[in-house]
Amino acid sequence: MAATEIPKAYEPKSVEDKWYAEWLKAGQFTANPASTKPPYSIVIPPPNVTGVLTMGHVLNNTLQDILARRKRMQGCEVLWLPGTDHAGIATQTVVEKTLKKQGVMKHRDDLGREKFLEKVWEWKDKHGGIIIQQLKKLGCSCDWTRERFTMDEKYSECVLRTFVDLYQKGLIYRGKRMVNWDPAGRTALSDEEVIMTETQGHLWHFKYPLVGSKDFVVVATTRPETMLGDEAVAVNPGDQRYRHLVGRKVLLPLRNKEIPVIADAAVDPKFGTGCVKVTPAHDVADYEMALRHNLPFTVVIGPDGKMTEEAGEDFEELDRFECREAVVERLTEASLLVKVENYTHNVGYSERTNVPIEPYLSEQWFLRYPQVPRSTEAVETGAIKFYPERWTKTYTHWMRNIRDWCISRQLWWGHRIPVWYRGEETHCGLEAPQGDGWQQDPDVLDTWFSSWLWPFATMDEATLKKFYPTTDLVTGPDIIFFWVARMIMAGYEYMDEKPFSNVYFTGIIRDAIGRKMSKSLGNSPDPLDLIAKYGADGLRFGLMLIAPQGQDILFDEKRCEVGRNFMNKLWNAARFIQMQRATNPPARPHNAHDLKILYEMNDAIAKVGAALEAYKFNEAAKELYDFVWGDFCDWYIEASKVSPNLPVLDEVFNTILRLLHPFAPFITEELWAGTGGTGTIQFASWPQPREIAGATAEHAAKVDELYEVVGAARQLRNEYGISQKQRVDFVIVTDHFTTEDCHTIMRLIGECGVTVASSYTPQGVTPSLVTKAATIFMVGAVDVEQERQRLTKQLADIEKQLAGAEAKLANESFVSKAAPVAVQRERDKLASLREQRAKIAALLHALQ
RNA sequence: GGACGAUUAGCUCAGUUGGCUAGAGCGCUUCCUUGACAUGGAAGAGGUCACAGGUUCAAGUCCUGUAUCGUCCACCA
């Protein structure tokens, strides 16, 4: 490619589409189970099949892509297995809403199960591919030949087989229990799907008259509507105030029903009045109390959140919250309301429908988790490592307090429970049993009951053999219970082996003012817009720079600008090199700048590698950014303008491309091709530091001192308002640098002449600056007062530092107790500072 | 009620096992369209590292406590 053909600014769009198509065509993401290379594998956290790409996905999948691409370069056989999740409730809700909107139905019952499911599949076929296409835009190097869906035939079979197996092992059972009921979705939920939210409510105190007496007891409740289903009033057995009442009856108001006063240790005598109304069918604690006391379970709230016939004709059909008001009103009229207090308490809300959860008595399927001790131990001992590590605590706490999992959902979209009933008979199996009259259980399984099998149910025999257990998992800490913990248990139960070795928990993406990104707030940018504006590489890199391990991320579009600008910088560095190549410069031995950049290159390779090993993606990105922009562009390329050394430019740039490829796959591939790289960069070797004679830390430090002189010259120019174009002469007084050293930096300090001397006596007022290794004079200027002020300021600065160093060294304990290196460092510093002080003082003196 | 995290420049954040003058990006000020790049270059202003104690020769870093914010867990009606 000729230099003139490269556009001035990087244009990502055509480059990205072109390369992604190439990669797919060449099958470069396809994992080969027969390969002899060491395996590396990740399974994608399957996004909701009807979902669209969010910033969370961008973060999550960029991280995975970085891991996968780097491992390819390191010579691993990489499998990054993609797919989507059928996401039971979420998908069904979306489709129901749409069908209602379109007037196709009012309720799914209008269509019936089969017709409705047809509609969902239609929807899935139409919208299910969107997020996959979006992931491709991002550059994700997934093995699309292995794309899976949790309702694929084979996958479904695996889900059902798992159910049957656990049933046969006695770990899955059916029972009538108090579950978390979502009245809007009309389904049971697991504990994890309930979000406890602090809610402003009231605590109502009501009188319940004692039968056969004018006395009454006072009970307190936050949910008056449930009193219609009360079956007792309970007090603590040790509570002297009420002891005499135990065994007597009270008259339940509005229902005119006699219910007993019972004693139960669960009652806290210090709370409220010490008397609790007991509603067995609508409160978890009351349910358990009722079991202990053989109380009946009167259901007054139905599955739709409306009051039942049992609530009495005055209340039947009322919504539970309307009923609350009605009950309060009626009890007030009857003068049974004692008082109302404002009361803040936690109320459970459905994660999906966002309505208050109703504790509801119903027949559901439950799972007693397998492999709990082994799974707990795996994380505690580090067989499975969490990054950041602190999440292990959250994990173990949950595992230690684990409760059975309600796995049945009253939905249609999902894996239908493989159980059939006929009269008293029950059959659990993959197929319907022989004979007539069998009815399959109408419920489906919790979505997570399929996704917990994801690391192995997605793989065929050969793939499993090569790639299981997977290496890394990248996911959000919000699904540590939903998914991560359950996958670990399933992995041990069915593969007798952990599902992954490392789990990297990302932060949660928030908007610029810290709010969670959400559709309703409209504060979530569309990643595709961002890709269009900044390029996928720019978006990825910008995000990586601000994605520290384990912290939430406040996202601002400005971040993308940083990424885009960086890509443009890289692009233009390539243009510069091409231009040099066109001039065909003669090769020459390494000079000071060459050795310096080669040292920094080795250093960058080491640092980027170490950061990635530790999953510190932002550190790796930062290191790359600083090396490319600072060391390479600002210093080395600028120095190269004096005398370019093409082999070094090429080597360093080639290394940069390879280091950067996992972060910015498109532009690096484009430049790799454009700068004479062979084949695709995807399988180019990951850079290793190499021995280069003279490229040492000492040398680099020395060149830094030279660059400090450059800084001083620029500072002098700036402060005296002498432009880069205006010629000025500098005298550099030093015995650290050769004349040649100093001449290689001339270009960096603008239009100038440079004289190197071992000593110099300025004529008249000559602005000067003292650096660690030299004194630089700008000859031919100017203002005495300005110069005096500047030198005085610099002197004060040096004095301050000097005082610190002197105090330290005067401290006997420091000298005797501190590490010898630390002491020596301090002494060197002191000497250098004193030297500088003397020089400045002399210069100041000369101004008098 | 527990557990965990955060508090460093106007803003968003880095700061490894305590040790050179606490850094970056954005924003701000001044100058510069010089043949890679104005999506750029140069220089600069800006911080008593939330607060109070403690350990240490030495604390942004370790310990204790306090405050504020955030997240997760927890059936007190």
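Quick caveat, the model's predicted, so the values are computed rather than measured. We name chains A, B, ... by the order of the sequence lines, and we start the count at 1 in each one.
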(message) To the nearest 0.5 Å, what is the distance between SG on A:Cys406 and CZ on A:Arg177?
(response) 10.5 Å
(message) Can you tell me how far apart CG (A:Asp283) and CE (A:Met289) are? Round to the nearest 0.5 Å.
(response) 8.0 Å
Answer yes or no: does a side-chain N or O of [X] lie under 4.0 Å from OP1 or OP2 of [N]?
| X | N | value |
| --- | --- | --- |
| A:Trp629 | B:rG41 | yes |
| A:Tyr343 | B:rA77 | yes |
| A:Lys569 | B:rC37 | no |
| A:Arg223 | B:rC76 | no |
| A:Lys622 | B:rC13 | no |
| A:Asn568 | B:rG40 | no |

Between the side chains of [Y] and [X], is the shortest nitrogen-to-carboxylate-oxygen separation below 4.0 Å, so that they form an ion pair?
| X | Y | value |
| --- | --- | --- |
| A:Lys641 | A:Glu638 | yes |
| A:Asp556 | A:Lys558 | no |
| A:Lys616 | A:Glu623 | no |

Using atom [atom1] in both nucleotides, what's the gap between [N] and [M] to the nearest angstrom?
| N | M | atom1 | result |
| --- | --- | --- | --- |
| B:rC11 | B:rC72 | P | 26 Å |
| B:rG44 | B:rG54 | P | 40 Å |
| B:rU56 | B:rA50 | C1' | 23 Å |
| B:rA24 | B:rA42 | P | 13 Å |
| B:rU66 | B:rC26 | C1' | 34 Å |
| B:rG1 | B:rG18 | P | 35 Å |
| B:rG2 | B:rU48 | P | 35 Å |
| B:rU61 | B:rC51 | P | 11 Å |

Every protein N/O lying under 3.5 Å from an N/O of nucleotides 42-46 of chain B:
from	atom 1	to	atom 2	distance (Å)
B:rA42	O2'	A:Asn718	ND2	3.3
B:rA43	O4'	A:Asn718	ND2	3.0

(message) If you go through the side-chain atoms of A:Lys8, does one of them form a donor-acceptor pair with the base of B:rA36 closer than 3.5 Å?
(response)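 Looking at the base of B:rA36, it does not pair with any donor or acceptor on the side chain of A:Lys8 (distance under 3.5 Å).
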(message) For a quick check, tell me whether the side chain of A:Glu623 and the base of B:rA14 share a donor-acceptor pair closer than 3.5 Å.
(response) no
(message) Below 30° counts as parallel, above 60° as perpendicular, anything between as tilted: where do the rings of A:Phe632 and A:Tyr636 land?
(response) parallel
(message) Does either side chain, that of A:Gln578 or that of A:Arg581, offer a donor lying less than 3.5 Å from an acceptor on the other one?
(response)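 Side-chain D/A pair, A:Gln578 to A:Arg581: present.
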(message) Under the ring-ring contact (aromatic ring centres under 6.0 Å, His included) test against A:Phe505, which residue among A:Phe386, A:Tyr387, A:Tyr395 passes?
(response) A:Phe386
(request) Anything below 3.5 Å on both distances counts as a pair; with that, list the stems of at least three consecutive Watson-Crick or G-U pairs involving RNA chain B. (result)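 Correct response: B:1-7 with B:67-73, B:10-13 with B:23-26, B:28-32 with B:40-44, B:50-54 with B:62-66.
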(request) Kindly point out which of B:rC75, B:rC37, B:rA3 is positioned nearest to the side chain of A:Arg575? (result)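 Nearest to the side-chain atoms of A:Arg575, counting from C-beta on, is B:rC37.
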(message) Within the supplied structure, the quantity of interest is the number of heavy atoms (other residues, nucleotides, ligands) at a distance under 6.0 Å from A:Glu380 CD; does it exceed 12?
(response) yes
